[in-house]
There are 2 protein chains.
Amino acid sequence: MPLEIPEVVIDRLPTYYRLLTNLQARGVAVVSSQELGEALNVTPAQIRKDLSYFGRFGKQGRGYSVQRLTDELRTILGLDQRWRMVLIGVGRLGTAIASYRGFEPQGFDIVGVYDVNPEAVGTELGGELVVRNVADLARDLADDPVDIGIVAVPAGEAQAVVDVLVAAGIGAILSYAPTAAQVPAGVEVRQIDPVLSLQGMTYHLRRRDA
Amino acid sequence: MPLEIPEVVIDRLPTYYRLLTNLQARGVAVVSSQELGEALNVTPAQIRKDLSYFGRFGKQGRGYSVQRLTDELRTILGLDQRWRMVLIGVGRLGTAIASYRGFEPQGFDIVGVYDVNPEAVGTELGGELVVRNVADLARDLADDPVDIGIVAVPAGEAQAVVDVLVAAGIGAILSYAPTAAQVPAGVEVRQIDPVLSLQGMTYHLRRRDA
DNA sequence: GGCGGCTTGCGAAAGTGTGCACAATCATAC
DNA sequence: GTATGATTGTGCACACTTTCGCAAGCCGCC
Ligand SMILES: NC(=O)c1ccc[n+]([C@@H]2O[C@H](COP(=O)([O-])OP(=O)(O)OC[C@H]3O[C@@H](n4cnc5c(N)ncnc54)[C@H](O)[C@@H]3O)[C@@H](O)[C@H]2O)c1
Ligand SMILES: NC(=O)c1ccc[n+]([C@@H]2O[C@H](COP(=O)([O-])OP(=O)(O)OC[C@H]3O[C@@H](n4cnc5c(N)ncnc54)[C@H](O)[C@@H]3O)[C@@H](O)[C@H]2O)c1
């Protein structure tokens with residue numbers, strides 16, 4: 001990794017990685033930047049340029065070994081280890097997240113779930129997870145740190161939860177709450193908000209029909 | 001709207017809009033680009049530049065009228081009308097989406113929900129929505145078009161559902177399925193995928209601790 | 001009614017990101 | 001062994017995006 005990699009490049013790598021694992025599962029051995037680009041709706045040049053930040057993984061005249069490139073991206077993205085996560089807020093959305101089977105195969109484990117509601121605390125979720133009291137979150141994290149926090153509490157509670165996570169030294173937060181979280185530099189935050197996505201699309205819808 | 005507006009600008013407007021509605025609810029009358037920027041973690045210059053694509057909404061020495069700017073952004077983003085949506089796939093995630101109270105206040109109405117599972121079809125969801133059979137989706141849309149489709153089916157089924165929506169002339173799709181949907185030009189697609197967000201963050205986590 | 005302090009809007013500069021075009025290289029076929 | 005056809009990696013030019021810097025304009029105070 002010689003120089004600084006643009007953030008946009010990092011954000012594209014996971015989509016490359018996911019397509020490659022699909023190809024691998026389908027038994028495809030070699031793939032060209034052309035083919036990758038068609039499947040992902042990006043230009044072949046962009047894919048080659050993105051990958052060239054990290055090394056020379058292809059072969060002229062052939063393309064990329066799916067196996068090789070998958071392995072390289074796994075290492076680059078840090079997916080060759082398991083990541084421990086806590087989930088805060090076990091309401092409707094939190095329940096869906098906790099039962100989602102898409103995290104574990106990708107190396108992400110939810111190792112603790114928390115809520116403030118006394119009726120929720122103590123209940124069992126899915127298999128082995130018991131909802132804990134959010135009042136214990138700080139202590140639990142001090143005893144047993146995790147890598148990532150998932151925030152699924154109402155908007156008004158989100159910053160308080162984020163503050164606890166940050167104070168515990170967490171490195172990354174995935175927030176579903178519809179507010180911009182304030183965190184110190186060095187803490188990664190991504191927000192998932194379907195309303196923002198919808199509002200970005202209505203701008204275009206309006207113009208298209210007009 | 002004189003010239004072409006960069007897509008990155010459009011994607012920031014909803015976050016401005018949301019903050020402004022919060023400020024309005026809290027009774028704030030005037031706000032400066034400085035204050036907006038601090039709350040949203042962007043530079044004041046960027047906010048001013050973004051807004052200047054659409055008009056001159058501020059007053060020198062004062063800032064922006066929260067009321068005025070909210071109204072302007074509402075019009076720009078097309079949020080001064082209601083948008084009709086259908087939801088396809090009423091599993092764990094789809095159920096959470098259908099019961100989410102965050103869409104309706106922003107002008108987005110789920111007017112139909114569909115599934116393929118015979119046990120789900122016919123059941124009532126939340127208040128007045130009855131799960132319909134996805135086999136009827138094309139006909140229903142032909143009779144009564146909607147603006148936006150929300151896809152919450154398994155990855156392998158997503159493209160087929162997208163194809164039906166596109167054939168029905170839908171303008172925008174919000175997909176939760178972990179695959180890149182293929183659509184013709186002119187159809188807006190946004191994907192929501194927590195795993196991609198997580199994988200983007202682990203790249204940075206790996207580098208920080210190293 | 002003029003002065004001082006603020007903040008916008010915007011042109012221009014600086015900084016980033018993308019796509020083109022092509023030399024270099026590889027696999028294969030004959 | 002060489003010709004053929006394909007595809008990578010990358011320098012470069014262009015395009016896009018962000019930030020700077022400041023004149024113009026607004027408010028309130030004295
Ligand atoms: N449901 C969706 O599809 C959806 C979609 C997008 C975003 N969101 C957002 O996700 C968040 C949760 O949505 P939801 O529909 O699950 O709401 P919900 O009300 O069903 O669940 C929220 C849960 O958080 C718990 N909680 C509240 N304060 C807490 C605290 N301080 N610490 C720990 N737990 C706390 C509550 O007890 C409740 O169980 C909201 O911010 C919402 O805007 C939801
Ligand atoms: N649960 C989550 O938190 C979560 C998070 C991110 C993404 N996702 C994605 O969202 C999608 C749904 O996830 P889920 O956890 O709700 O899965 P799920 O299995 O609980 O639900 C899927 C639903 O889709 C229905 N379905 C299947 N094929 C269909 C078709 N052709 N037409 C209509 N309905 C069909 C099924 O009957 C089922 O009810 C998946 O693609 C998943 O990867 C889920």
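By convention in this document, chain letters (A, B, ...) are assigned in the order of the sequence lines, proteins followed by strands, and residues within each chain are numbered from 1. Computed from a predicted model, the values in this text were never measured in an experiment.
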Practice task
Starting from the 5' end of DNA chain C, give me the residue, B/G58 or A/Q46, whose nearest nucleotide shows up first.
Solution key: B/G58

Exercise for the section: Check if the side chain of B/K59 and the base of D/dG25 share a donor-acceptor pair of N or O atoms closer than 3.5 Å. Expected result: no

Completion exercise
Here the distance between atom P of D/dC20 and atom CD1 of B/I47, to the nearest Å, is 14 Å

Fill in the blank from the handout: Closest of D/dC26, D/dT19, D/dG9 to the A/Y64 side chain is D/dG9

Completion exercise
Between CD1 of B/I5 and P of D/dC16 the distance, given in whole Å, is 13 Å

Exercise for the section: Please report, rounded to the nearest Å, how far the C1' atom of D/dT7 is from the CG atom of A/L69. Expected result: 14 Å

Exercise for the section: Inspect the contact between B/R190 and B/D11 and indicate whether a charged nitrogen and a carboxylate oxygen are less than 4.0 angstrom apart. Expected result: yes

Problem - Cationic tip of B/R207 above B/Y203 ring, under 6.0 Å, 45° of axis - result: yes

Exercise for the section: Calculate the interatomic distance between B/Q34 atom CD and C/dT8 atom P; express it in whole Å. Expected result: 9 Å

Handout entry: Name of the residue among A/R74, A/E72, A/R12 meeting side-chain hydrogen bond (donor to acceptor under 3.5 Å, both in side chains) with A/Y17
Key = A/R74

Fill in the blank from the handout: Whole-Å distance, A/R56 CZ to D/dG11 P, equals 10 Å

Handout entry: Atom-pair distance (NZ on A/K49; P on C/dT16), nearest Å
Key = 16 Å

Practice task
Report which part of the nucleic acid B/R48 touches: base, sugar-phosphate, or nothing (heavy-atom distance under 4.0 Å, all strands).
Solution key: base

Exercise for the section: Go through the side-chain N and O atoms of B/S32 and B/E35 and say whether any donor and acceptor fall under 3.5 Å apart. Expected result: yes

Handout entry: OP1 or OP2 of C/dG19 under 4.0 Å from side-chain N/O of A/T43
Key = yes

Problem - A/E7 CD to C/dT18 P, straight-line distance once rounded to whole Å - result: 12 Å

Practice task
Check the distance between D/dG25's P and B/Q60's CD and give it to me in whole angstrom.
Solution key: 7 Å

Practice task
On DNA chain C, check which nucleotide each of A/R62 and B/S52 is closest to and give me the residue with the more 5' one.
Solution key: B/S52

